[in-house]
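Note on naming: letters A, B, ... go to the chains in the order of the sequence lines (proteins, then strands), and numbering restarts at 1 for each one.
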Protein chains: 2
Amino acid sequence: MGPSSPKSTITDVARHAGVSLSTVSRVMNGNPTVDPVMAERVRSAASELGYTANPLARSLVLGRTQTIAVVVPDLGNPTFQAILRGLSRAAAADGYHVLIADSVEDDAEEAVLAVETRRRTDGLILCAPRMPEHRLETLLADVAPVVLVNRAPRAGTPAVAADYRSALREIIEHLHGLGHRRFAYLSGSPRSASNAARLAALEDARAAHRDTAIVELDGGVDFDAGAAALDAVLETGATAVLGFNDLVAMGLLSAAGERGIRVPEDLSIAGFDDIPFARFTSPPLTTAAVPAAELGARAWAAMHELLEGRDPEPLQTFTPEIVLRGSTGAPAS
Amino acid sequence: MGPSSPKSTITDVARHAGVSLSTVSRVMNGNPTVDPVMAERVRSAASELGYTANPLARSLVLGRTQTIAVVVPDLGNPTFQAILRGLSRAAAADGYHVLIADSVEDDAEEAVLAVETRRRTDGLILCAPRMPEHRLETLLADVAPVVLVNRAPRAGTPAVAADYRSALREIIEHLHGLGHRRFAYLSGSPRSASNAARLAALEDARAAHRDTAIVELDGGVDFDAGAAALDAVLETGATAVLGFNDLVAMGLLSAAGERGIRVPEDLSIAGFDDIPFARFTSPPLTTAAVPAAELGARAWAAMHELLEGRDPEPLQTFTPEIVLRGSTGAPAS
DNA sequence: CTGTTAGCGCGTTCAC
DNA sequence: GTGAACGCGCTAACAG
C-alpha cells in the first residue's frame, strides 16, 4: 500500500498533526491565514498518510463536482467521437472531468440520460439532441447550465454549431456548376436539427436554380443505410447524390462500386463531415469539413463561461470548408 | 419550471407529506415496512415536487457512486473509441455511469488521471496503459477495484485482452506462404504491452523461418507516422510491411500510392485492428480484426463482478481473426 | 491565527 | 410501523 492510498480522512490527518479539522482544511485549500510551521506540520502529516480530500464530500458541501456531463446520440459516430475528444481535452485542461452518456439514437432515452447525468455534475452539454422541440424546450430549463451542440439555440441556452445549410449550399452550387441538374439527397436522422438545415439548403438551391430538381430519399445515418439506398438513388435518375454524412455517402459509394457504377462519371457522390477516413475511399470523397473537435472545445469554453458566472456568446457558428475530391465531377452525358 | 425540477430535497418532501425524513427515505428505496397509504402519500408528494434523491449525498453515505472511470491513451484512436462504446453501453445497461479520461498518450498523466478519476467512482478500467511496469504495479494496489484492457494481468487484477501475438503470427505466416521473406515492422507505442506482444510474434516467426528477415522500424501510432515511414521502409528492401495498427498501415499505403508504388505488387501492407474504415482503403487493407467493442463490454462485465463481490476470470483473451484483403499478395519478383 | 459548531442531503441504526 | 438522532467527509461560519 503506497503513500497514495486514499483511505485516510481529514480526521486522521488532524489527529496525526495534532490540530483541528478546520486547520487541515485550511491548509489543504491554500488558505493563507495559517501559521507557517503549523501548516508545514499538516502538510507532512498529509503526505505521510497519502491524504487527499474526498471529492464526493467536497462536492456535497461546495455544491460543485468539477465534472460536466456530455450526452451524444451515438458513440460510434466519428463526428461525435471527435466532438467528445475536443471537449474532453479542453475540459481536462481546465481541471474538469467528463461524464459521458450514449443515447444510442434513442430520443426518449436521451432526455432521461440528460437529467440523470446532469444531477451528478455541474453542467450538461447536449450534442445534436434528437428529441422533439417541445421536449427539448422543457428539458433545458431543468438542466441548466446547459450548452447545445449542433442544434438551434434559444434564449438562455448558448450553442455552438456548424453551418450545415451554407456548406451544403456550396456543395450543390459546385455540382450545379459542373453541369448537374438532377440530385438525390439521402436524408439522415429526421429529428436532427442539422438535417433540417440541410433541407433548407435544398430549398435554397431549388429557388436559385429553377432548372434543378432534388429528390429527397429516406436514408439513415450509417454506412449500411447508404449502401441500401443505391437502388432508390438509381431510380431517381440523379447524376449527383448528396449524402447526409460521410458514412452514408461511403456506403453508397461502396455499393455503387460493387455494382459497376463509375464514380464520378456515372454518379457523383458527396458526403458531409469530412471524417478522418473520407480521404481514403476510392475515389476519395468530396465533402464538407466540419471542425468537430473544435466544436467540442468551444462547447466546453461556453460551458466554462457559464460555470464562472459569465455570459458566453449565444451562438458560435462554424462554416465547414468544402473539400473537393475525386468522388464528384462533371456528369458523363 | 417543470415537475422534474431537481431543487427539492428530502426534507421538502417530508414536510409536504407530513411525515419524517426516514419515512420518505424508506419509500424512495422501496423499503416494504411502510404503511401503504402513507407510502402513497409520500410518493405523490415526491412526484408533485419532482423529487429525486441527490446522487451526491447518496454516494457519500452509501459509499458508492454508480459510476466507473475509464482511462484511455487516446480518444482519437478508433480502437479505444470502440472499446469505450462497448464499455459505456454495457455499463449503462447495468445502471452505471462512465467517467472518461484521455491521457493523450502521456504516461505520466496516465497515473494521475487514474488516481484522480478513481476517487470519484467505484472502480477503474485502465485501457492499454502506457506506463512502465513498476509504476503500474504500485498504482494497481491504490486504485482497486480495477480491470486492465490489453495489458498483461497480475494477481488480483483481472484483465481482458486481444491476443496480438497469435494474430500477428498468423498474418506473417500467411505472407510467408505467399513467398515473402523480407519484412518490415513499423512499431508503435514502445511502452504498450501490445507492442511487446507483436515483437514476440516477430521472434516466433524468425525462429520458425530461418530464411526470413524482419526489420523493426520506429514508427508511431497514427496515420502521419505511417506516411513518414515510407522511405525507411523502402530502404529495408522489404516486400511486405506489418503496420503497428491500421492507422499506420493506412498512412504508409497512402504515401506509397502517391509515390507510384504498387500495392500489393511492389509492396504488401498489413494493418492491425480492423478499424471500421480498413475495408475502404484502396486497395482494402489486410488486417486482424480486434473485437474492440466486445473487449469493452467484457471489461465492464469483469468490473461488475468485482463490484458485486464476485471473482471474475483473471484473464479473458480474444484472438483476432485475420481478414485478408487486397493490400497483401504475392511479391512481384 | 485557531478550534468548535453547524450544516451539505441522505441512509440507517435505535428506541418508541 | 414510525420518528429522532447519528454519521458519511468535508467546508464555512462563528467565536475565542
Side-chain angles (χ1 to χ4, degrees), chain A residues 4-43 45-46 49-67 95 97 115-116 118-122, chain B residues 4-43 45-46 49-67 95 97 115-116 118-122:
Chain A
S4 53
S5 170
K7 300 199 308 188
S8 58
T9 117
I10 193 172
T11 308
D12 300 331
V13 179
R15 196 164 32 212
H16 204 83
V19 299
S20 77
L21 299 186
S22 341
T23 301
V24 177
S25 177
R26 290 193 184 98
V27 173
M28 299 307 290
N29 292 314
N31 188 323
T33 73
V34 177
D35 184 281
V37 314
M38 193 162 239
E40 186 45 40
R41 192 141 48 93
V42 169
R43 257 187 292 273
L49 296 175
Y51 171 74
T52 303
N54 183 327
L56 256 56
R58 298 196 81 224
S59 296
L60 185 59
V61 62
L62 293 178
R64 51 190 171 74
T65 62
Q66 294 288 103
T67 304
H97 300 264
V115 180
E116 207 167 279
R118 169 63 183 86
R119 287 221 65 188
R120 326 184 147 255
T121 57
D122 300 338
Chain B
S4 54
S5 171
K7 299 199 310 186
S8 57
T9 115
I10 193 172
T11 308
D12 300 331
V13 179
R15 196 163 32 216
H16 205 84
V19 300
S20 77
L21 300 185
S22 335
T23 301
V24 177
S25 177
R26 292 192 184 98
V27 172
M28 298 308 289
N29 293 313
N31 188 323
T33 74
V34 177
D35 184 283
V37 314
M38 192 164 240
E40 188 43 41
R41 191 141 47 94
V42 169
R43 259 188 291 273
L49 295 175
Y51 171 76
T52 303
N54 182 326
L56 256 56
R58 299 196 81 226
S59 296
L60 186 58
V61 61
L62 293 178
R64 51 191 171 74
T65 61
Q66 294 288 102
T67 304
H97 300 264
V115 186
E116 208 167 277
R118 168 63 182 86
R119 288 221 63 188
R120 328 185 145 254
T121 57
D122 299 338

Heavy atoms only, 4.0 Å cut-off, all strands: where does A:V61 land among base, sugar-phosphate and nothing? base

Nucleotide of C:dC10, D:dC10, D:dT2 approaching B:A57 most closely (side-chain heavy atoms): C:dC10

Among D:dC10, C:dT2, C:dT12, which nucleotide sits nearest the side chain of A:T23? C:dT2

Can you check whether [X] has a side-chain N or O nearer than 4.0 Å to OP1 or OP2 of [N]?
X	N	value
A:S22	C:dG3	no
B:R58	C:dC10	no
A:N54	D:dC8	no
B:S20	D:dT2	no
B:T9	C:dC10	yes

Quantified as the angle between the terminal helix axes (five pairs each), what is the overall bend of the helix from C:dT5-D:dA12 to C:dC16-D:dG1 to 10 degrees? 60°

Determine the minimum heavy-atom distance between [X] and [Y], stating which atoms define it.
X	Y	result
A:G63	A:D122	O-OD1, 4.3 Å
A:V42	A:A17	CA-CB, 4.1 Å
B:V27	B:R43	CG1-NH1, 3.8 Å
B:L56	A:R119	CD1-O, 4.4 Å

Determine whether a donor-acceptor pair (N or O, by modelled atom type, separation under 3.5 Å) exists between the side chain of A:R120 and the backbone of B:T65. yes

Return yes if some donor-acceptor pair links the side-chain N/O of B:N29 with the main-chain N/O of B:N31 below 3.5 Å, else return no. no

Figure out the [atom1]/[atom2] separation between [X] and [N], and round it to whole Å.
X	N	atom1	atom2	value
B:N31	C:dT12	CG	C1'	10 Å
B:R26	C:dG11	CZ	P	11 Å
A:R64	D:dC10	CZ	C1'	13 Å
A:R120	C:dG9	CZ	P	16 Å
B:L60	C:dG9	CG	C1'	9 Å
A:L56	C:dG9	CG	P	15 Å
A:M38	C:dG3	CE	C1'	10 Å
B:L21	C:dT12	CG	P	14 Å

Comparing nearest nucleotides in DNA chain D, the 5'-proximal residue of the pair B:L62, B:P36 is B:P36

Distance in Å, B:I10 CD1 paired with B:S20 OG, rounded so as to fall on 0.5 Å steps: 8.5 Å

